[in-house]
Undergrad: 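My structure is below; once you've seen it, I'll send some questions.
We name chains A, B, ... by the order of the sequence lines, and we start the count at 1 in each one. Side chains included, hydrogens not; waters and symmetry mates left out as well; all remaining heavy atoms used.
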Amino acid sequence: MAMADQEAKQSFRLSMLIYDSRYRAMTIQVVALILFIIGAGWLVNNAAQNLAALGKPLSFGFLSQPAGYDINQRLIEYTSQSTHGRAAIVGLLNTLLVATVGCILATILGVTIGVLRLSKNWLVARLMTVYIETFRNVPVLLWIVFTMAIFIEVFPAPREFKGADPSATMKLWDSVALTNRGVFIPKPVFESGSGIVGIVFLLSLVGIWFFRRWARAKQEATGVILPTFWISLGIFFIPAIATQIILGNPISLEYPVLKGFNFKGGLHLRNSFLSLTAALVIYTSAFIAEAVRSGIMAISKGQTEAAAALGLRYNRIMSLVILPQAMRVIIPPLISQYLNLTKNSSLAIAVGYMDITGTLMGITLNQTGREMETVLLTMLIYLTISLIISTAMNVYNNSIALKER
Amino acid sequence: MKNTVLFGTVAAASLAAGLASAGTLDDVKAKGELACGVSTGLVGFAAPDANGNWEGFDVSVCRAVAAAVLGDANAVKFVPTTGKTRFTALASGEVDMLARNTTWTFSRDVDLKFTFVGVNYYDGQGFMVPKELGVSSAKELDGATVCIQTGTTTELNLADFFRSNGMSYEPVPIETNAEAQQQFLSGACDVFTTDASGLAATRATFENADDYVLLPEIISKEPLGPLVRQGDEQWGDIVRWTLNALISAEELGITSANIEEMSAGTNNPEINRILGTEGDLGGMFGLDKEWAKRAIAANGNYGEIFEKNIGENTAIGLARGLNAQWKQGGLIYSPPFR
């Protein structure tokens, strides 16, 4: 072996890098890599030189300077005296909030519509086709602006709730106010004793898990199917509500009340958040519906017929036979829809939603003039979020992939 | 491994092409037009008319500079910029100058590396509210929802004002003036705040302008003026002295009506120097003798521009106030042409 190697080494000539097919592929790759490194280096160096010429060398010191501006929707403590870095985190959390809520709702809506589009009911199937074609063929920015316009123009201003004979009233027994500044809903207030209610609730979740395991074991052993859904629902609500009543309502609700210019108290869902989420959800759900439809149609009809021959009803065929197999086809395009939704949330500034693009790449960029730094940082953040989503979904995808034994 | 040729990482070659730093003046002359950054549409200051021609107070500054440099007041490419995009547009060289209600501040001048060439409008931040709200002072705005244009000094002033008065508010950030109007008119915000001149201009476009009032408080100093990139002194001087020529013209009584007559020669040597019949001021920064004459002839002097676009006889109806000539008790003052 060593002998052979030595011979090969002795007979190696430089021209073999081009003429010998053993080395040529490697040569081409190495040359391409060098060119790429030189090209990238030139770009970076050019940018650095130009920034230096402008007198603005790359520096991230601004992140610890006070921001000076206020943000309306903040999930963590933030004032105008906080730093630009903290403002960026507030924006990041807002991005994550809209992305999480958006992905969940888009999935629910998309799966429902995708299944309904395959319905044998002509009207339902056509309606879903119209839904899909309408929403996925108009740019999402237009949907965002459109939903915002609806919120602003259709719902009444808070001052219309005022007076002895107001032109607008609160809905749902005076607990919810729909205004053109957003929706105000009651907020839970946790007093002493609410911890016990929480523990009881967690215990009932554990109880549901054990009950379901027991029910499945029983079904496999005896064939008796218990009404698991209704019993689970009962375990979910009844113990926690009972504890809440016994302990004298430790978890109470704070209702929104009109005070001065606006509603105070309660939870304020701003119309910027609502319209952005709604637009992203209806837009993305149309794509998800198509992915779901393709996934279902990829399953051979024989599977449905075989399941039907076993006496399963349509709902059970769908949930036990078709969807588990269809998931393998659905998940990969679903990943890219989640990524799209997250990235599309950067259009938030169109409705004044303060996401990471609005804070870090918006106001902070403008007040500090650090274009390069803020844009790089924002890109890095979106890249990180996307990679995390992608990794998590790929792990899930692998867990449901066809396991060959 | 033995047959593998090992390559070290190649250090990036310093092939960088330096920033093309020929003077802005030469660039503008070569292009044959001046790229001027203006706002996306603020009636009276910069907005396209029914035929798509840009007009307004800030637009006139662009036209004056184009007339001085290129001899044609229409050789301007107007680039609409939002509060957020304007500085990037100027820093990147997309526009040659910015005439867009931009407040002269320390950090913009020093940290953002711009040169403010002067002030063409002394402004301050104000508040506009609907009359039916029954508010008579900005101190009564505790808890109000406030529409602000994002990317401006106003959002910083607003934060400071509410904090120093111990009041709370809900900011609604908005990208352009048009969106702000939509939100404000539908009552999605109680208050609209921006520079008082901008509020007056916006109010003038409302269907029921009388239903809205400007509150008396002015919470900041907002000296608005044209600006250029730092580092090209020649170009900065040209824009600065074009603005000064417009201001001096008003002070010395040169108007678009009498400019031809005056350029035949007068007894006042300063007028002669401005109009190029005496000395060669224009030659000192690379222009011809009649640069200022063309700049003034383009839209008239500072006072004429003010009256035509935003003055008391227009829908916007701004009084000269601080923007009167220094001889009339205002702050508008040009250094001497000498």
Undergrad: Please classify the contact of A/M361 with chain B as side chain, backbone, both or neither, using a heavy-atom distance under 4.5 Å.
TA: backbone

Undergrad: If you draw a 6.0 Å radius around CD1 in A/I76, do more than 12 non-hydrogen atoms from other residues or ligands fall strictly inside?
TA: yes

Undergrad: Would you mind checking which part of A/S272 comes under 4.5 Å of any heavy atom in chain B, side chain (CB onward), backbone (N, CA, C, O), both or neither?
TA: neither

Undergrad: At a heavy-atom separation under 4.5 Å, does B/T150 approach chain A through its side chain, its backbone, both, or neither?
TA: side chain

Undergrad: With a 4.5 Å cut-off on side-chain heavy atoms, are B/E170 and A/H268 touching?
TA: yes

Undergrad: Identify which part of A/P158 has an atom lying under 4.5 Å from any heavy atom of chain B, answering side chain, backbone, both or neither.
TA: side chain

Undergrad: What closest approach, in Å, do A/N262 and B/T145 show between heavy atoms, and which atom pair accounts for it?
TA: ND2-OG1, 3.1 Å

Undergrad: For chain A, find which of B/V172, B/I174, B/L141 contributes the most heavy-atom pairs closer than 4.5 angstrom.
TA: B/L141

Undergrad: Given a strict heavy-atom distance threshold of 4.5 Å, which part of A/A67 is in contact with chain B: side chain, backbone, both, or neither?
TA: backbone

Undergrad: Please state whether the side chain, the backbone, both or neither of B/E140 comes within less than 4.5 Å of a heavy atom of chain A.
TA: backbone

Undergrad: Which atoms form the tightest heavy-atom contact between B/S186 and A/A157, and what is the distance?
TA: O-CB, 4.1 Å

Undergrad: At a heavy-atom separation under 4.5 Å, does A/Q81 approach chain B through its side chain, its backbone, both, or neither?
TA: side chain

Undergrad: Provide the closest heavy-atom pair for B/L112 versus A/G369 in the form atom of the first, atom of the second, distance.
TA: CD2-CA, 3.0 Å

Undergrad: Using heavy-atom distances under 4.5 Å, tell me whether B/E132 contacts chain A through its side chain, its backbone, both, or neither.
TA: side chain

Undergrad: Taking all non-hydrogen atoms of both residues, which atom of B/P173 and which atom of A/M354 are closest, and how far apart?
TA: CG-CE, 3.3 Å

Undergrad: Let me know if B/N157 has heavy atoms under 4.5 Å from chain A in its side chain, its backbone, both or neither.
TA: neither

Undergrad: Between B/R108, B/Q183, B/R86, B/E155, which has the largest tally of heavy atom pairs under 4.5 Å with chain A?
TA: B/E155

Undergrad: Specify which of B/L158, B/I148, B/L133 makes the most heavy-atom pairs with chain A at under 4.5 Å.
TA: B/L133

Undergrad: Checking A/A149 against chain B: side chain, backbone, both or neither under 4.5 Å from a heavy atom?
TA: both

Undergrad: Under a 4.5 Å heavy-atom cut-off, does chain A meet the side chain of B/F162, its backbone, both or neither?
TA: neither

Undergrad: Answer with side chain, backbone, both or neither: which region of A/L365 has an atom nearer than 4.5 Å to a non-hydrogen atom of chain B?
TA: side chain

